[in-house]
Amino acid sequence: MMKAHHIFTAIVLAVLVSCAVSCVYPFEAELGGESGTFVIEGDILIGELSKINLSYTAPVSDPGNVSTPKTASVWVEDDRGGEYSGRDAGNGEFYVDLTEADPSLNYRLRVTNGDSGRDYASSWLRVCKAPVIDSLSYIKHEDKSILNIALSMHSEGESYFKWRYHEDWEYHAEMFARIEYFPPVKNTSTWNGGLGVIEDMPYGVNKYFCWDSNDSSEIMVFSTETQTEDRFVDLEFHAIPRDALKIQTLYHIDVTLEPITEDAYIYWNNIKTNSEYNGSLFAPNPSEMAGNIRCLNDTTEMVFGFINAAMCDTQSLFFDNTYERFYKAMRNIREEPVAVSDRKEWISRYTAGWIPYDYEDPLTPSVTMWALKDMVDCRCQGGNKN
């Protein structure tokens, strides 16, 4: 799934494609701002810290060149004159503390773009009532070789929802390294005649255990509008392959469920359709995806983004493969570990992507066992020691 600014760039490209096949007259895309159309992302989340992102869509001529305003101000207003200032975290990120905000009031987001000197405001919004996550569960599909995370929820008075998740997991390498190789560096203790040195590795700095994390990036919305109750039981929303390192040892997920308005639901569904079917003649066009943010200085300026005001519910789930025994490693054809007795081989092995992990026999430390680095060092799989 594409990041938001790439999604919006895709929409601009879709406009150009559709015009190329249907318009007789020349067309020039008006991409306001230095780098593209102004994008305002985020929601007004009552009772918590709300994150707002400001950016420009990448120019069609350079899709990878995404930029953010050099200076900007962000704040939230309520309909009784209260204001909540946003803290600038850099790189277009702002945080607004709404932990003490009154959910019975109406709110809107305000932004000043220092690049252009223009002011922006969302529509006035009621606060959508918080849903209840009744449970999170995992469902093992042995036949499909996947682990599905499922959500059970109910709500009173709200029928449209968006959710997001954050996941963390612990995993380990294939082999536990008890020794470490230091390549030769002149005028240091590792030189050793140009051979380098092998030393015992303290357990506390092992390369066996690692941790990694991920935030959801896809657009996830659903509706209970066609149901007799605003309720779902075991809605499977996140599939993890059985051979994924995420579930090798210990997995944790936080799921946040946010109620949204019908307009927000339509908007995000259209964005999702355009990102998945970019350029299709049957995809919604940008005029059908107008957000609820307007430029107060120039009402003709196009602005991307849709702000929602809501109270959310968040729940957590752990999956411990130590007990579940569901994870199944994918079989790879790998080079087998080798015993190295000639120290002159150390540097060539190391240069070729091998590292030592143990002695062949503790009584004969001159012979060391070597394996490919990604079999021994867990950091090669993208995680870290934090």
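For this chain, numbers begin at 1 and follow the sequence in order. Please read these numbers as outputs of a predicted model, since none were measured by experiment.
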Over 12 foreign heavy atoms within 6.0 Å of NZ, Lys373:
no
Neighbour count above 12 (heavy atom, 6.0 Å) for Glu83 CD:
yes
Show your working on side chain to side chain contact (heavy atoms under 4.5 Å, CB included) between Phe161 and Tyr265 and close with a plain yes or no.
CA-CA 7 Å; Phe161 306 91; Tyr265 175 77; over 6 Å; no
Using a strict threshold of under 4.0 Å (side-chain N to carboxylate O), is an ion pair present between Glu174 and Arg334?
yes
Results of disulfide (SG to SG under 2.5 Å) for Cys378 - residues two or more places apart only:
Cys210
Going hydrophobic residue to hydrophobic residue with side-chain gaps under 4.5 angstrom, can you get from [X] over to [Y]?
{"X": "Ile40", "Y": "Tyr84", "answer": "yes"}
{"X": "Leu250", "Y": "Phe326", "answer": "no"}
{"X": "Met220", "Y": "Ile240", "answer": "yes"}
{"X": "Trp370", "Y": "Leu372", "answer": "yes"}
{"X": "Val376", "Y": "Tyr208", "answer": "no"}

Whether the [X] and [Y] side chains hold a donor-acceptor pair (N or O, under 3.5 Å, no angle test) is what I'd like checked.
{"X": "Ser104", "Y": "Asp102", "value": "yes"}
{"X": "Asn113", "Y": "Tyr56", "value": "yes"}
{"X": "His154", "Y": "Asp134", "value": "yes"}
{"X": "Asp374", "Y": "Gln381", "value": "no"}
{"X": "Asp263", "Y": "Tyr267", "value": "no"}
{"X": "Ser223", "Y": "Ser159", "value": "no"}
{"X": "Asp230", "Y": "Thr224", "value": "yes"}
{"X": "Ser122", "Y": "Asn292", "value": "no"}
{"X": "Tyr359", "Y": "Asp200", "value": "yes"}
{"X": "His166", "Y": "Asp215", "value": "yes"}
{"X": "Thr112", "Y": "Asp119", "value": "yes"}
{"X": "Ser137", "Y": "Ser135", "value": "no"}

Ignoring hydrogens and geometry, is there a side-chain-to-backbone donor-acceptor pair from [X] to [Y] under 3.5 Å?
{"X": "Gln227", "Y": "Arg231", "answer": "yes"}
{"X": "Asn192", "Y": "Gly194", "answer": "no"}
{"X": "Thr364", "Y": "Val367", "answer": "no"}
{"X": "Asp78", "Y": "Asn106", "answer": "no"}
{"X": "Tyr171", "Y": "Gly383", "answer": "yes"}

Under 4.5 Å side-chain heavy-atom separation, chaining through any Ile, Leu, Val, Met, Phe, Trp or Tyr, what else clusters with Tyr95? Say none if it is isolated.
Leu49
Quick one: name the residues clustered hydrophobically with Met201, using the 4.5 Å side-chain heavy-atom rule over I, L, V, M, F, W, Y, and just say none if it's on its own.
Val205
Aromatic contact between Phe304 and Phe38, with the criterion being ring centroids under 6.0 Å apart: yes or no?
no
Classify the angle between the aromatic ring planes of Phe209 and Tyr203 as parallel (below 30°), tilted (30 to 60°) or perpendicular (above 60°).
perpendicular
Listed by chain and number, what are the side chain to side chain donor-acceptor pair (under 3.5 Å) partners of [X], not counting sequence neighbours?
{"X": "Trp75", "result": "Glu77"}
{"X": "Asn206", "result": "Lys385"}
{"X": "Thr68", "result": "none"}

To the nearest 0.5 Å, what is the distance between [atom1] ([X]) and [atom2] ([Y])?
{"X": "Ile46", "Y": "Met311", "atom1": "CD1", "atom2": "CE", "result": "7.5 Å"}
{"X": "Arg164", "Y": "Ile219", "atom1": "CZ", "atom2": "CD1", "result": "14.0 Å"}
{"X": "Leu125", "Y": "Asp79", "atom1": "CG", "atom2": "CG", "result": "11.0 Å"}
{"X": "Ser50", "Y": "Leu98", "atom1": "OG", "atom2": "CG", "result": "4.0 Å"}
{"X": "Tyr120", "Y": "Asp298", "atom1": "OH", "atom2": "CG", "result": "8.5 Å"}
{"X": "Cys295", "Y": "Met302", "atom1": "SG", "atom2": "CE", "result": "13.0 Å"}

Side-chain donor-acceptor pairs under 3.5 Å in residues 142-149, sequence neighbours left out?
{"from": "Glu142", "atom 1": "OE1", "to": "Arg242", "atom 2": "NH1", "distance (Å)": "3.1"}
{"from": "Glu142", "atom 1": "OE1", "to": "Arg242", "atom 2": "NH2", "distance (Å)": "3.3"}
{"from": "Asn148", "atom 1": "ND2", "to": "Glu236", "atom 2": "OE1", "distance (Å)": "2.8"}

Do the non-hydrogen side-chain atoms of [X] and [Y] ever get within less than 4.5 Å of each other?
{"X": "Asp168", "Y": "Asp212", "value": "no"}
{"X": "Val132", "Y": "Ser155", "value": "no"}
{"X": "Thr256", "Y": "Asp254", "value": "no"}
{"X": "Asn321", "Y": "Ile247", "value": "no"}

So salt bridge (Lys or Arg N to Asp or Glu O under 4.0 Å) across residues 181-192, not counting sequence neighbours, yields none
Show every salt bridge (Lys or Arg N to Asp or Glu O under 4.0 Å) that has at least one partner inside residues 152-162, sequence neighbours left out.
Asp43-Lys162, Arg126-Glu158
Identify the residue among Tyr138, Trp169, Tyr251 that makes a ring pair (Phe, Tyr, Trp, His ring centres under 6.0 Å) with Phe319.
Tyr138
Is there a salt bridge (charged side-chain N to carboxylate O under 4.0 Å, His left out) between Asp377 and Arg379? Walk through the geometry before answering.
CA-CA 5 Å; Asp377 190 339; Arg379 295 172 298 181; 2.9 Å; yes
For a quick test of reading the model, state the closest non-hydrogen atom pair linking Pro259 to Asn308 and the distance between them.
O-ND2, 2.9 Å
Which residue pairs pass the side chain to side chain donor-acceptor pair (under 3.5 Å) test when at least one of the two sits in residues 342-354, sequence neighbours left out?
none
Which ring-ring contact (aromatic ring centres under 6.0 Å, His included) pairs, counting each pair once, include a residue from residues 223-245, with sequence neighbours left out?
Trp163-Phe237, Tyr165-His238, Phe222-Phe232
Let me check something: any side-chain donor-acceptor pairs from residues 175-184 under 3.5 Å, sequence neighbours excluded? List them with distances.
{"from": "Arg178", "atom 1": "NH1", "to": "Asp358", "atom 2": "OD2", "distance (Å)": "3.4"}
{"from": "Glu180", "atom 1": "OE2", "to": "Lys207", "atom 2": "NZ", "distance (Å)": "3.4"}
{"from": "Tyr181", "atom 1": "OH", "to": "Leu195", "atom 2": "O", "distance (Å)": "2.8"}

Verdict with reasoning, Ser55 to Glu41, per side chain to side chain contact (heavy atoms under 4.5 Å, CB included)
CA-CA 9 Å; Ser55 63; Glu41 302 172 82; 4.2 Å; yes
